[in-house]
Every structure is written in C-alpha cells, then in structure tokens.
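In the text below, chain A, chain B and the rest are named by the order of the sequence lines, each starting its count at 1.
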Amino acid sequence: MPDFLLYSLLVGIAIAIVAGPLGSFTVWRKMAYFGDTLAHSALIGVALGLFLSINVALTIVFTCILIAVLLVYLEHRNSLSTDTLLGVISHGSLALGLVCVSLYSSQRVNLFAYLFGDLLTVTLSEVITIYLVVALMLGAICWLWKPLLMITVDQSLAKVEGRRVTLLRLSLMMMVALVIALAMKIVGVMLITALLIIPAATSRRLTSSPEAMALVASVIGVISVILGLGASYWFDIPAGPAVVLAALASFLLTLPVQSRY
Amino acid sequence: MSADILLEVENLGFHIDGKQLLHNVSFSLQRGEITTVIGPNGAGKSTLVKVITGLLPASSGEVKLAPRLTFGYVPQRLHMDASLPIKVSRFLSLSDCSKSAYKQALALFDVSHLYNQLMHRLSGGELQRVLLARAVARKPDVLVLDEPLQGVDVNGQSELYRLIASLRDELDCAIFMVSHDLHLVMAQTDKVLCLNQHVCCQGQPESVSQHPEYLRLFGKSVAEEFAVYTHHHDHHHNIHGDAVSCDKGCDHA
C-alpha cells in the first residue's frame, strides 16, 4: 500500500471515530445546517491561508472556530430564524471563499481538492497532529458527555439544574468546527456534513441508548472511510464522494431494519 | 429574609423588544406553601417562571434566593428530538441524584413500569409524571411547575394534583405552579397569585376569588363557578383515571 493511501486511511479512521459522537449530537440537536455553514466557511480559511501565506490548516481551524462562536452569539439575538441566518452565512461564505480561492488560480491551487477531498495531500506530520487533536477531543467528549447530553435533552431544564449551558454549547460547536476543519482534506468542503450525519442516522435505527448510537456511528464511519478511500484509490474517483457513497450504502442497507427504538 | 422564606421577588420587571411583559411583581415563596399563578393568556405566567428560575434575566427589580437553594423544575414541554434514543432510566440518571432517589420518585408517581421505556414513546401524561418524578428526586427546596397537568387526562388530573399537594409536606419545599385549572387551583392552594403583567391580587384562594380584580379578569360567572369548589362525589379517580370507591380511606372532601 502506498504511503499516501495509508496516511489518508489513518486520518480518515481517526476522523470517523470522533465524528461518531459529534455527528450524533449534530443529529440530536438538529445542527446539520450548522455543520454545512461551518464547512462552507472553511473555504474562506483556505483563502485566508493562501493570502497570508501561512499554513492553510491553521487558518481553516481558525475560521471555523470563529464562525462557530459568531453563530452562538447570533443565535442569542435572533430576530431572524436560525435556518435563515445559517443560510445567509453558509452560502455567503461559500461564495466568498470560492471567489477568493479562484483569485489564486495562477498559483495552481487545486480548488477541486478542497471541495471534494484529495488523498494525495496528507503527510506523516499531519497524521500525527490529527491523532493528537482527535485524542484530545475524545477526552473532552467523554469528560463532558453527561452535561452535553443534558443540554441536548432540554436546555432550560439543564440550566435550571445548574449546567453552564452557553459554555457547553460553545464547546460542542467548537468541536464540530474542529472536526470539520480536520476532515476537509479527506472529504472536502461540500460533503463533510454527510460524514457527520449519515453514520449517526444509520446508527439511530440500530440502537436504544445515546452511548450505543455514538459508538455504532463511529464504527459505521470507520467502515465507510475504509471502503470509500479504497474505492477512490482503485477506481480513481474523488475521495469525498466515495466515502459518502459508502456511508449512504450503509444507510440504505439498514433501511429495511424496522426500528424497534 | 426570614428563615422560612426561600425566594423573594421585589418589584420585578421584564421587558423584551420594548414590550413590557411583567412589571412591579412582588411576592415571596415560603417553605411548605403552595403558590399558584393564574391569569389569562399572555399574562406573563411562563415569563415569570423563567425569570425566577434564572432562565431569563430580570429587567428591573430583583429575585432574592435563600443560600444554596435548589430548584426542581418541570417545564411545559421537553425540547427533545426523537432522534435521541434515551430511556427513562438514563434520562433520570442525568440529574445528579442517586438511583434509589429516582426509583422512589417514579414509584411515588406510579410510573415505575416505565423505567425501561424510551422517552419519545411516552404519552403526554406519562411524560409529565416522569418529569415530576425527576424534579422530585432532586429533593428541591423550590419545586417549579409550569402547567404540570398538561396532557394528563381529566380523571388523572385531580389525583396528580393531590399528589403534588402532598409533596409540600413530604419534601418540606415550596411549590410554585402555573395552572389553568381554576377549580383545582382553588381547592388545593395556599396562596394564589393572580397575574396580568402585574399582580392583580394575591392571597388565600377564598379572598382572591372575591377580589374585584379577579372577578373582572375571569368574568363573574366563571369566578362564581370555580370559587373554592369542593367535591361531593361518592368515588374519586386514582392516577390512571379509574374510579375508586371512597370507603377505602379516601380523604377526598
């Protein structure tokens, strides 16, 4: 197996593992559109990195987290409904990102790779960094699991019982932002949310507790990444769509399973 | 604050987007006392609940809490998506209280059989009882109930209401409740707070039901019909709405 394939597999698996619980929260809290918005804004991060000629990964993380904080703030003062607001920011940032990145086309920026993922771009040092970050995130998720679950069940109930709701929401959104920034290389901007949502949606039909749902979502995500990246390599198709199609296959295969839960 | 006063509200005001929802609201909650808020739609009842529990910040005035006060809260509804598979047992364990405490509370509300049920499969009345059990298991100083009888069938209502009334002594807490049901309110409450943005009148049910502001707000005919209504039935209904004969130690008036 060539190194670059091994590296993207390793990265993909790490991201799929952490995407299990975070994707479950995205489904439970109906944050799918929020994920899309963050993913689209990642393209501004790309442009920013190119413009300042610093590490693009850093500017993507920075932009995603900034947008996440902005959204938490804006949700507090909503004269517009949240999905309208997200629609404005999502497509606004996608358009801005596309225009900015295309201005650098002279430098042969592969826009297609950012939009749909690229196997060839992962390096060993990135693998190590991503594993460190994913380990930290998994630690944080375990540590905050109970309070995060409580604010997902009911925000006001959690608040009256003394949970620090805004802080918890912010940390959840920042983690989603981080996983999106990390997953961008493999899956690309357009399809990242699918990697969060589809395994969790599949897992929902098979499980009867939040913990099981998160865990099974991770497993489905890992299988999808392995199948998708394999297919991408053998059939020379873009990585992101291949992974998402594998996840979609798992979703469709479990459709006949009548949920007892 | 005197020892028995758990919560004191002084000249409380709340406005949002230039709209005054509460103004000049003052009252206090005492240990062992049930206070019920009544008022027409849009009177600010739910807003008042949110302000005293700290869900909304007061715009003016203040809410003084006794030190280390714990709230038990039953919201009007749970904002939980059906995509979250969570059993009653897990839901209860999310509050920081012991397993025996919430098993006991489930038994108290006669819903022990729902222990392994999924939350989103509960009926409205079952969910309401589970929420009550969860609030009670925390052994709160102040139990705040926003329309606790929602979704409970008519026959179960008075039984549940009597159960709530008995909690005051069992937990030695203050109960603060929003209710639409005038005749149940008038029968079981220590203090009634008649709210219409401001406190129109407050006091014992007997005196409130004679108050001109109350009569104006609810209309004379309604007020007369529900004024301190007492039951004279030969049976009453248990929590599931089944008729139970009264000679089995029924303390229903």
With a 4.5 Å limit on heavy-atom distance, are the side chains of A:Ile17 and A:Val134 in contact? no
Can you tell me how far the OG1 atom of B:Thr47 sits from the NE2 atom of B:His15, to the nearest 0.5 Å? 13.0 Å
Go through the atoms of B:Ser93 and report whether side chain, backbone, both or neither lie under 4.5 Å from a heavy atom of chain A. backbone
Where does A:Lys146 contact chain B at under 4.5 Å (heavy atoms): side chain, backbone, both or neither? both
Can you check whether B:Val37's main-chain N or O pairs, donor with acceptor, with B:Gln202's side chain at less than 3.5 Å? no
Is there side-chain contact between B:Met80 and B:Ile86, with at least one heavy-atom pair below 4.5 Å? yes
Contact part of B:Arg77 toward chain A, heavy-atom cut-off under 4.5 Å: side chain, backbone, both or neither? backbone
Between A:Arg163 and chain B, which part of the residue has a heavy atom less than 4.5 Å away: side chain, backbone, both or neither? side chain
Write out, in numerical order, the residues from residues 147-159 of chain A with a heavy atom short of 4.5 Å from a heavy atom in chain B. A:Leu149, A:Met150, A:Thr152, A:Val153, A:Asp154, A:Ser156, A:Leu157, A:Lys159
Sort out for me which of B:Asp81, B:Leu55, B:Leu84 touches chain A most, counting heavy-atom pairs under 4.5 Å. B:Leu84
Is the backbone N or O of B:Ser28 less than 3.5 Å from a side-chain atom of B:Lys191, with the two atoms forming a donor-acceptor pair by type? yes
Do B:Arg134 and B:Phe91 meet the cation-pi criteria used here (NZ or CZ under 6.0 Å from the six-membered ring centre, within 45° of the axis)? yes
Rounded at 0.5 Å granularity, tell me how far CZ in B:Arg138 sits from CZ in B:Phe71. 10.5 Å
Note, A:Leu168 side chain near A:Val165 side chain (heavy atom, < 4.5 Å): no
